[in-house]
Amino acid sequence: MANLLEELAALRNTRVWRSVFRGGSGESNLRRSLAVQQNVFLHLASVKIRRRALDFSVTWYLGTLSLGCFLILTVTGILLMLYYHPSAPQAYADMKDLQFVVSAGVFLRNLHRWSAHAMVLLVFAHMFKVFYRGAYRPPREFNWVIGVVLLMVTLFLSYTGYLLPWDQLAFWAITVGSNILAAVPVLGAKIRFLILGGHTVNANALLRFYVLHCVILPLIAVLFLGIHFWRIRKDGGLHTGEKTDE
Amino acid sequence: MPDEVKKPEGDKGPCVECSRRKFAKIGMGSVAAIGAGASVFGYQFLSPNVLYEPSPIVDAGKPDRYPPDSVTADTQNGIYIVHGAQGIYALSAVCTHLGCLTAWKPELGIIACPCHGSKFHVDGIKFAGPAPRPLPWLKTWVDDDGNVLIDRSEPLTREQFVRI
């Protein structure tokens with residue numbers, strides 16, 4: 001066993017490994033830092049963090065849990081797309097097929113649905129936690145603003161996804177929601193027309209909501225998530241409430 | 001250009017007059033112009049020119065389908081055809097609150113919205129709930145073939161009856 005581990009460790013010194021992982025890890029702190037800095041995925045995170053930042057009580061892991069929901073939603077959402085046609089009235093039949101015909105379809109659909117509910121809940125909880133701990137204060141005030149954008153994106157994702165089952169609940173929820181939108185002064189009716197692609201919730205609206213839900217909003221979310229995580233590092237790591245943090 | 005700009009000594013660059021300020025001006029101007037063009041283009045593109053929506057004019061058939069003192073709900077078209085003491089008139093069944101389809105409750109003799117609880121009399125006047133306006137009266141007339149026609153796109157400003 002020890003031999004095997006040694007052999008695996010020796011892999012790090014091969015040319016192939018070096019070509020993939022650039023700096024690579026090693027014994028010194030510099031090598032360890034480079035392993036994080038020079039990795040496209042890890043470089044968003046800090047090289048070092050305070051031990052206290054890992055305590056459950058500091059964050060309740062709410063941001064990480066929100067990200068977890070987002071990842072689950074991405075995977076299940078892409079899988080659901082394989083059986084879903086965003087056209088009226090086919091969408092409703094596809095949704096029913098996912099529930100009763102497709103193997104594991106009901107599992108994926110429910111996972112997507114419950115993760116969506118959980119994500120909205122967790123994002124709100126995350127914001128309350130940040131607010132009541134004062135973690136929005138300088139130098140982190142701009143990351144709070146990005147967080148507000150992410151909250152809006154989360155809510156829009158939730159709202160656009162609501163129409164896709166194309167059942168009575170979806171239809172009337174979007175009818176009511178788009179009429180609330182029409183209450184915007186002066187431009188309201190026009191905005192509603194552009195969002196729905198018509199005067200009523202119809203096939204155009206279903207397609208527009210589908211594209212928003214599956215392409216536009218997720219891209220915006222990923223962009224802002226990237227900035228959000230990068231800013232945590234740039235703003236001095238998680239707010240732990242310790243004196244040294246100021 | 002009234003004044004010739006003197007080339008600074010030793011500068012052999014191809015574009016002496018192009019200061020950074022000028023470059024920024026042209027650049028910002030171009031970005032603004034492209035932005036404005038893209039907004040117009042985007043707005044035009046997102047507004048459908050052809051809609052496959054049903055005609056606002058509904059053919060409700062012969063008037064004798066609506067006996068005196070009756071309220072007929074046409075849920076497909078979102079209208080009520082009421083034959084009252086003064087004649088036939090049509091009401092929109094779309095709630096003026098947030099656009100839900102209201103329902104005729106024959107046992108109570110009222111129109112009620114399932115979404116947020118607005119209640120209306122058969123003349124469209126609201127007596128309970130959040131709806132800000134009465135249910136609109138719709139332009140109703142009888143065509144040459146003797147069919148009742150209702151225009152859902154034209155709410156009336158005052159009561160109007162069709163007498164047969």
Side-chain angles (χ1 to χ4, degrees), chain A residues 85-92 155-156 158-160 162-163 165-217 219-220, chain B residues 36-58 73-79 92-104 111-120 126 129-136 138-139 150-155:
Chain A
H85 303 80
S87 59
Q90 182 65 32
Y92 179 77
L155 294 179
F156 285 138
S158 182
Y159 179 67
T160 50
Y162 214 94
L163 182 63
W166 201 241
D167 53 8
Q168 284 291 311
L169 183 65
F171 182 86
W172 293 109
I174 303 308
T175 298
V176 166
S178 63
N179 277 317
I180 292 173
L181 200 64
V184 170
V186 188
L187 293 175
K190 203 75 218 176
I191 296 173
R192 179 175 188 272
F193 181 73
L194 290 180
I195 291 280
L196 295 182
H199 297 100
T200 54
V201 178
N202 55 23
N204 276 0
L206 178 60
L207 190 56
R208 283 184 186 209
F209 275 53
Y210 176 76
V211 174
L212 278 170
H213 186 76
C214 300
V215 183
I216 298 173
L217 290 170
L219 284 178
I220 296 173
Chain B
S39 309
V40 172
F41 175 83
Y43 176 77
Q44 298 281 358
F45 177 74
L46 289 175
S47 308
N49 293 324
V50 180
L51 288 175
Y52 301 93
E53 293 177 348
S55 161
I57 296 173
V58 177
D74 180 349
T75 51
Q76 203 59 46
N77 293 309
I79 52 176
S92 167
V94 178
C95 185
T96 53
H97 179 221
L98 288 171
C100 291
L101 193 65
T102 58
W104 165 242
I111 294 165
C113 181
C115 285
H116 309 102
S118 292
K119 293 188 174 78
F120 306 86
K126 181 204 83 170
R133 292 180 304 280
L135 293 177
L138 302 176
K139 189 182 167 193
I150 294 145
D151 189 348
R152 290 179 290 172
S153 66
E154 253 187 277

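In what follows, chains are A, B, ... by sequence order, proteins preceding strands, each numbered from 1. All values reported here derive from a predicted model rather than from experimental measurement.
Few gaps surround CZ on A:Phe193; more than 12 heavy atoms of other groups in view lie less than 6.0 Å from it.
Contact of B:Tyr52 with chain A is not made at all, since no heavy-atom distance falls under 4.5 Å. Residue B:Leu51 touches chain A through its side chain alone, counting heavy-atom pairs closer than 4.5 Å. Both the backbone and the side chain of A:Thr200 come within contact range of chain B, with heavy atoms under 4.5 Å apart.
Counting only distance, with no hydrogens or angles, the side chain of B:Ser92 and the backbone of B:Val94 share a donor-acceptor pair below 3.5 Å. Distance alone, capped at 3.5 Å, is enough to place a donor-acceptor pair between the B:Ser118 side chain and the B:Ala131 backbone.
In terms of heavy atoms, B:Cys95 sits closest to B:Phe120 at SG-CZ, 4.1 Å.
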